[in-house]
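Read through the structure below, which is laid out as structure tokens, and then see the notes.
As the structure is a prediction and not an experimental result, all values here were calculated from the model.
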Protein chains: 2
Amino acid sequence: MEQQRPYFEALTRLRAANLRPTRQRLALSRLLFDNGDRHITAEVLHSEALASNVRVSLATVYNTLHQFTKAGLLREVVVDSGRSYFDTNTTPHHHFFFEKSGRLEDIPGLSYTVNDLPPPPPGTLIDSVDVVVRLRETGN
Amino acid sequence: MEQQRPYFEALTRLRAANLRPTRQRLALSRLLFDNGDRHITAEVLHSEALASNVRVSLATVYNTLHQFTKAGLLREVVVDSGRSYFDTNTTPHHHFFFEKSGRLEDIPGLSYTVNDLPPPPPGTLIDSVDVVVRLRETGN
DNA sequence: GTGTTTGCAAAGTGTTTGCAATTTA
DNA sequence: TAAATTGCAAACACTTTGCAAACAC
């Protein structure tokens with residue numbers, strides 16, 4: 001029989017975010033959150049949905065990713081002009097970006113602070129400090 | 001009479017990069033490098049060129065920015081999925097990004113290192129460590 | 001039933017490309 | 001004059017939008 005816990009978790013997540021638990025949102029929620037930390041683009045999530053027989057349009061995938069981001073369930077990571085990545089890990093952390101393959105992953109461990117950061121300019125507040133380590137894949 | 005030094009500097013820069021000093025490249029080079037550090041998008045540079053009566057197509061602006069980047073005269077900074085920024089300061093440094101206005105500027109001072117960065121995964125080399133401090137403009 | 005959500009197709013944005021005409025060396 | 005560069009217009013990739021039909025409560 002099918003696992004029930006993940007379904008209820010997805011349901012709870014959506015209710016907490018004040019989003020109606022539609023078939024599409026439940027399915028996308030499970031694809032995103034049932035399997036640990038993920039870094040995913042809209043196109044890839046859409047493909048995964050279709051591959052698991054979830055009928056959902058690309059427009060809905062985009063809408064859902066933005067709704068989840070606004071609700072604090074996802075964090076958008078900018079590493080590539082032209083594509084948006086969404087990260088299921090919303091706690092502060094940094095990223096490795098594999099330039100050739102376009103893969104994005106968390107930097108493990110506590111590699112975390114930036115030294116000597118000056119105060120933000122007057123009239124501004126820091127929204128986030130984004131650290132991306134760009135990697136060249138040498139294949140050896 | 002017109003300043004001659006900047007013209008010769010632009011000429012030298014292009015020759016050093018093995019790029020023919022065409023009217024367009026000379027003009028764009030001067031717009032980019034004659035006035036200190038700049039962070040600029042293709043569209044903005046194109047507008048500036050037209051505003052100073054330099055006839056150049058947007059396609060050529062894109063080509064030129066990429067050629068300059070490949071030659072090491074510019075550095076591309078990714079802060080916005082959807083637009084590319086080019087930085088005339090190619091030395092390692094970090095950025096403030098003003099999210100509302102889309103302005104990008106260097107973080108002054110020596111605010112430079114990231115603590116405890118782990119080694120890159122096997123089969124990869126670090127290309128760059130990009131630090132972007134995203135700012136919300138509060139207006140007070 | 002009422003308001004929300006979805007899917008489609010069209011439109012939008014920033015960028016790249018193919019190729020003939022122009023320019024540089 | 002041979003090779004590099006330019007400009008145009010079309011093509012592109014990704015994302016957003018408008019609106020009628022479908023769905024959740």
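Side-chain proximity of B:Ala59 to the nucleotides C:dG7, D:dA24, C:dT17 is greatest for C:dT17. Side-chain proximity of A:Ser57 to D:dA24, C:dG7, C:dG14: nearest is C:dG7. Of all nucleotides listed (C:dT16, C:dT5, C:dG7), C:dT16 comes nearest to the side chain of B:His66.
An OP1 or OP2 oxygen of C:dG7 is reached within less than 4.0 angstrom by a side-chain nitrogen or oxygen of A:Gln24. Residue A:Arg23 has no polar side-chain atom (N or O) positioned under 4.0 Å from OP1 or OP2 of D:dC23. Side-chain nitrogen and oxygen atoms of B:Gln67 include none within less than 4.0 Å of the OP1 or OP2 phosphate oxygen of D:dT5. Considering only side-chain N and O atoms, B:Ser81 lies nowhere under 4.0 angstrom from the phosphate OP1 or OP2 of D:dC14. At the phosphate of D:dG7, OP1 or OP2 sits under 4.0 Å from a side-chain N or O atom of B:Thr60.
Base pairing analysis places C:dT24 opposite D:dA2; the two distances defining the Watson-Crick or G-U wobble pair are each below 3.5 Å. The base-pairing partner of D:dC25, taking Watson-Crick or G-U wobble contacts with both distances under 3.5 Å, is C:dG1. Pair check for D:dC19 finds C:dG7; Watson-Crick or G-U wobble, both atom distances under 3.5 Å.
Using a 4.0 Å cut-off between a side-chain N of Lys or Arg and a carboxylate O of Asp or Glu, B:Arg103 and B:Glu137 do not qualify as a salt bridge.
Between A:Pro21 and A:Ala42, the residue anchored closer to the 5' end of DNA chain D is A:Ala42, taking for each the nucleotide with the nearest heavy atom. Judged by closest nucleotide on DNA chain C, A:Val56 is the one of A:Val56 and B:Gly82 placed further toward the 5' end.
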(request) Under the side-chain hydrogen bond (donor to acceptor under 3.5 Å, both in side chains) rule, what do A:Arg13 and A:Ser29 come out as? Steps first, then yes or no, please. (result) CA-CA 8 Å; A:Arg13 213 168 10 238; A:Ser29 178; 3.1 Å; yes
(message) What verdict does the side-chain hydrogen bond (donor to acceptor under 3.5 Å, both in side chains) test give for B:His95 and B:Asp130, after you've listed the backbone C-alpha separation in whole Å, the side-chain angles of each residue and the deciding distance to 0.1 Å?
(response) CA-CA 8 Å; B:His95 292 101; B:Asp130 297 352; over 6 Å; no
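If you take CG of B:Leu65 and P of C:dT16, they are 10 Å apart, rounded to a whole angstrom. For the pair A:Leu28 CG and C:dG7 C1', the interatomic distance rounds to 14 Å; values are reported in whole Å. Between the CG atom of A:Leu19 and the P atom of C:dT4 there is a distance of 12 Å, given to the nearest Å. Atom pair B:Leu58:CG and D:dA10:C1' shows a separation of 14 Å (rounding to whole Å applied). Summarising the geometry, the separation between CZ on A:Arg15 and P on C:dT5 is reported as 13 Å, rounded to the nearest angstrom. Note: CD (B:Glu76) to P (C:dT15) measures 9 Å, nearest angstrom. As rounded to whole Å, 18 Å separates atom P of D:dC12 from atom CZ of A:Arg83. The interatomic distance linking B:Arg55 (CZ) with C:dT22 (C1') rounds to 11 Å, in whole Å.
Nearest heavy atoms, B:Leu26 versus B:Pro21: CD1-O, 3.7 Å.
Counted within 6.0 Å of CZ on A:Arg55, heavy atoms from surrounding residues, nucleotides or ligands total 12 or fewer; the atom is thus considered open.
Residue-level contact check: B:His46 touches neither bases nor backbone, having no heavy atom under 4.0 Å from any strand. Counting non-hydrogen atoms under 4.0 angstrom, A:Ser84 reaches the backbone sugars and phosphates but no base.
Looking at A:Thr124, its side chain never comes within 3.5 Å of a backbone N or O of B:Arg136 through a donor-acceptor pair.
On a pure distance criterion of 3.5 Å, no polar donor-acceptor pair joins the side chain of B:Arg20 and the base of D:dT5.
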